[in-house]
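Right, one structure below, let's go through it.
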2 protein chains.
Amino acid sequence: MDTVAGTERTKGHLDALLLALLASGPQHGYGVIAELRDRSEGELDLPEGTVYPALHRLERAGLLESTWAPGTTRRRRVYSLTAAGWTALSAERHEWARFSTAVGSVLSGVASA
Amino acid sequence: MDTVAGTERTKGHLDALLLALLASGPQHGYGVIAELRDRSEGELDLPEGTVYPALHRLERAGLLESTWAPGTTRRRRVYSLTAAGWTALSAERHEWARFSTAVGSVLSGVASA
DNA sequence: CTCTTTACCTCGATCACCTAGGTATAGTGG
DNA sequence: CCACTATACCTAGGTGATCGAGGTAAAGAG
């Protein structure tokens with residue numbers, strides 16, 4: 001079957017995913033993709049063309065910072081959260097909570113009126 | 001504050017929301033918007049420019065059918081699920097479950113490797 | 001008789017995301 | 001030693017979902 005991304009959309013939650021993943025520690029682009037796949041049990045398999053530009057954008061926005069990995073054989077740009085990134089992550093988590101609760105209650109057919 | 005939609009972010013789950021809402025019974029466009037708002041406690045406040053075209057699209061796709069409400073004073077196009085619509089809803093529910101589980105486990109920082 | 005609410009509709013812009021393409025290095029099997 | 005695969009990075013441009021803005025009309029409220 002189709003994993004969510006690849007054929008489908010990450011649906012506006014890309015930033016949250018990237019920030020959350022980098023909350024466990026610095027990671028480079030290719031590694032981010034792999035870990036996202038692992039943690040979601042294959043469900044989230046984002047293309048490079050999605051992830052790299054997003055990392056650049058988050059860095060420009062001041063939520064991430066990066067350095068070329070020192071002492072590594074292969075060239076790797078390693079990203080980590082800035083203070084602003086942690087704040088943003090917190091906001092994203094709350095938003096996800098609100099959003100998923102809202103969608104969940106509609107999908108499960110809860111009438112509130 | 002910002003509700004999720006309006007600033008956007010319903011991204012990709014629109015069909016699921018509309019089908020799920022109509023699963024509780026036939027409803028017209030304006031009513032769909034209002035009920036979505038109620039059931040999500042104001043969180044999902046979708047603009048008409050989003051909902052009406054989506055209903056038309058779902059009808060063209062054979063997932064919904066509509067009639068002009070008989071005996072109503074005001075003109076209302078009432079939508080209800082077709083058999084295909086119920087099937088699609090079931091699929092959408094599963095997909096939401098998989099997607100939200102995946103995002104949830106990334107956001108909560110679960111390492112599976 | 002005006003204002004607000006209900007109720008419908010569509011065009012066009014925006015922007016997030018993906019596809020497709022490209023570079024280069026390190027390890028592996030023959 | 002040479003091809004192949006995996007790692008690792010990157011971007012230009014297309015596409016399509018969603019929304020903003022605008023428009024019509026009838027009904028109830030004041």
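Values in this document were obtained by computation on a predicted structure and should not be read as measured data. Per chain, numbering begins at 1; letters A, B, ... match sequence-line order.
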Could you state the NE2-P distance from A:His56 to C:dC17, rounded to the nearest angstrom? 15 Å

Separation of D:dT7 atom C1' from A:Ile33 atom CD1, nearest Å, is 11 Å

Is the phosphate of C:dA16 approached by A:His13 (side-chain N or O, under 4.0 Å from OP1 or OP2)? no

If we only count heavy atoms from C-beta on, is the A:Leu18 to A:Leu36 side-chain gap below 4.5 Å? yes

What's the CZ-C1' distance between A:Arg75 and D:dT7, to the nearest Å? 11 Å

Starting from P on C:dC18, measure out to CG on A:Leu36 and report it in whole angstrom. 11 Å

Is the phosphate of D:dC10 approached by A:Tyr52 (side-chain N or O, under 4.0 Å from OP1 or OP2)? no

Phosphate contact (D:dA8 OP1 or OP2) by A:Arg76 side-chain N/O below 4.0 Å: yes

Taking only the side-chain nitrogens and oxygens of A:Arg77, find out if one of them lies under 4.0 Å from OP1 or OP2 of D:dC10. yes

Could you tell me how the ring of A:His13 sits relative to the ring of A:Trp96: parallel (under 30°), tilted (30 to 60°) or perpendicular (over 60°)? perpendicular

Of A:Tyr79 and B:Pro53, whose closest DNA chain D nucleotide lies nearer the 5' terminus? A:Tyr79

A:Tyr30 OH to D:dT5 C1', in whole Å, measures 10 Å

Length of the line joining A:Asp45:CG and C:dT19:P, which is rounded to integer Å: 11 Å

Using whole Å, report how far CG of B:Leu46 lies from C1' of D:dG20. 14 Å

If you define the side chain from C-beta out and look only at heavy atoms, does anything of B:Leu81 sit under 4.5 Å from B:Leu64? yes

What residues 21-29 of chain B contributes to the DNA chain C interface at heavy-atom separation below 4.0 Å is B:His28, B:Gly29

May I have the distance from B:Leu55 (atom CG) to D:dC19 (atom C1'), rounded to whole angstrom? 15 Å

Under the rule for side chain to side chain donor-acceptor pair (under 3.5 Å), what residues qualify as partners of B:Arg57, not counting sequence neighbours? B:Asp15

